[in-house]
Amino acid sequence: MTSRIVLLHGIATTASVWDRVVAALADLGIHDVVALERPCTGSLTAEIEALAPHAEGALVVGQSGGATLALALAASDRISLAGALAHEPAVGSLLPGLLAPVAAAYAEGGLEGLGATLYGPSWSIAMAPPDHTRIPSELAMFRAFEPAAPPEHQGPVLVTVGERSPRIRHEAAAALHERLGYDTATLHGAAHFAAWDAPRAFAAAIARQHRSSA
């Protein structure tokens, strides 16, 4: 029996950022998919508590901040996942400067600066949630995140990085592999905003992980 796929969005986006991936998964014959609207509390504990009932027994897939939360769920000893796929998560002290440019862009250019720096030119402020006041606490939460290896009971966990992403993103994936043992893979033709800019490549990777977690 195959598991449900749960999709987690990142900062300055909503669940609709997954629309293209959901359509691409449907083309691959995968329909048991839910894109969750996160509460965006700015508290890692609160986010995990809200997501846990949906994540239990599921393949959890995240992009950006959603990938960070996927790693946090995978590292929990209280939640059992069928598996996880995390596209370019935060990595905490493994690479402290990873999110510094995003924080600087927010300090200088506000939400539009953050979105453009993190996601690139295809992101627009219309993709952000209506309540922009939570952005600072969300950014602080993701910058404070510290990854850990998943417990043995978890299903397979894969960290992906975009072929077109900057070098530091590839270094982050390498650090997760070398320090914590995560499997990694490259999404060809993709960068950080893979769900929107390379949905078919992302969906194909999700489908492969779905099969491996069955």
Side-chain angles (χ1 to χ4, degrees), residues 1-10 13 15 17-36 38 47-48 51-77 79-91 145 147-165 169-170 172-214:
M1 182 176 180
T2 57
S3 55
R4 167 172 288 195
I5 297 173
V6 173
L7 306 173
L8 305 180
H9 66 87
T13 60
V17 78
W18 292 106
D19 288 353
R20 294 177 177 182
V21 169
V22 172
L25 286 170
D27 289 342
L28 295 173
I30 300 173
H31 302 280
D32 192 4
V33 182
V34 57
L36 292 182
R38 294 196 296 106
E47 292 292 305
I48 296 305
L51 296 172
H54 305 279
E56 183 69 31
L59 172 65
V60 176
V61 179
Q63 169 185 263
S64 191
T68 304
L69 293 168
L71 284 194
L73 287 162
S76 172
D77 58 7
I79 304 165
S80 294
L81 307 182
L85 191 159
H87 183 68
E88 301 196 359
V91 297
F145 171 75
E152 292 184 359
H153 72 266
Q154 295 294 25
V157 182
L158 178 68
V159 173
T160 58
V161 61
E163 178 187 21
R164 298 178 178 174
S165 290
R169 289 289 181 181
H170 292 264
L176 286 169
H177 174 69
E178 293 163 6
R179 299 284 293 277
L180 297 173
Y182 282 99
D183 290 334
T184 62
T186 299
L187 288 188
H188 296 289
H192 188 68
F193 204 24
W196 195 255
D197 294 334
R200 292 194 176 276
F202 205 171
I206 294 168
R208 289 191 293 271
Q209 191 70 358
H210 194 230
R211 288 192 295 270
S212 71
S213 64

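Hydrogens, waters and symmetry mates are skipped; everything else that's a heavy atom, side chains included, is used.
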### Task
Test side chain to side chain contact (heavy atoms under 4.5 Å, CB included) on L59 and Q209 and set out the steps.
CA-CA 8 Å; L59 172 65; Q209 191 70 358; 3.8 Å; yes
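- A 4.5 Å side-chain heavy-atom check between S213 and S3 finds at least one atom pair inside the cut-off.
- Among F193, W18, W196, the one residue that satisfies the ring pair (Phe, Tyr, Trp, His ring centres under 6.0 Å) test with F202 is W18.
- Side-chain contact between I5 and V61 is present, with at least one heavy-atom pair separated by less than 4.5 Å.
- Judged by distance alone, the side chains of T160 and E88 never bring a donor and an acceptor atom under 3.5 Å apart.
- None of L28, V21, D27 except one satisfies the side-chain contact (heavy atoms from CB on, under 4.5 Å) rule with R200; the exception is D27.
- Here the closest non-hydrogen pair linking A70 and L85 is CB-O, 4.4 Å.
- Scanning all heavy atoms of the two residues, the minimum distance from A35 to A15 falls at O-CB, 3.6 Å.
- Within the 4.5 Å cutoff, side-chain heavy atoms of L7 are placed close to those of V22.
- The side-chain hydrogen bond (donor to acceptor under 3.5 Å, both in side chains) search around S64 returns H192, not counting sequence neighbours.
- When all heavy atoms of A58 and V6 are compared, the pair lying nearest together is CB-CG2, 3.7 Å.
- Between H177 and V159 the shortest side-chain heavy-atom distance does not fall below 4.5 Å.
- Put simply, the side chain of T184 does not reach to within 4.5 Å of the side chain of V161, judged on heavy atoms.
- The shortest heavy-atom contact between A201 and H188 is CB-O, 3.8 Å.
- Looking at H210 and I30, their side chains come closer than 4.5 Å, going by heavy atoms from C-beta outward.
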### Task
Determine, stepwise, if the pair L71 / L176 fulfils side chain to side chain contact (heavy atoms under 4.5 Å, CB included).
CA-CA 10 Å; L71 284 194; L176 286 169; 4.1 Å; yes
### Task
Kindly determine whether Q63 and H9 satisfy side chain to side chain contact (heavy atoms under 4.5 Å, CB included), including the steps that lead there.
CA-CA 6 Å; Q63 169 185 263; H9 66 87; over 6 Å; no
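- For the pair R20 and D197, the salt-bridge criterion is not met [side-chain N within less than 4.0 Å of a carboxylate O].
- Here the side chains of F145 and V91 are not in contact, with every heavy-atom distance at 4.5 Å or above.
- Considering NE2 of H54 and CG of L36, their distance stands at 5.5 Å, rounded to 0.5 Å.
- Residues I79 and L51 form no side-chain contact, since every pair of their non-hydrogen atoms from C-beta on lies 4.5 Å or further apart.
- Taking both residues in full, the closest heavy atoms of P199 and A24 are given as O-CB, 4.0 Å, listed atom of the first, atom of the second, then distance.
- For the residue pair H87 and A191, the shortest heavy atom distance occurs at NE2-O, 2.9 Å.
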### Task
Check step by step if side chain to side chain contact (heavy atoms under 4.5 Å, CB included) holds for L187 and E163.
CA-CA 6 Å; L187 288 188; E163 178 187 21; over 6 Å; no
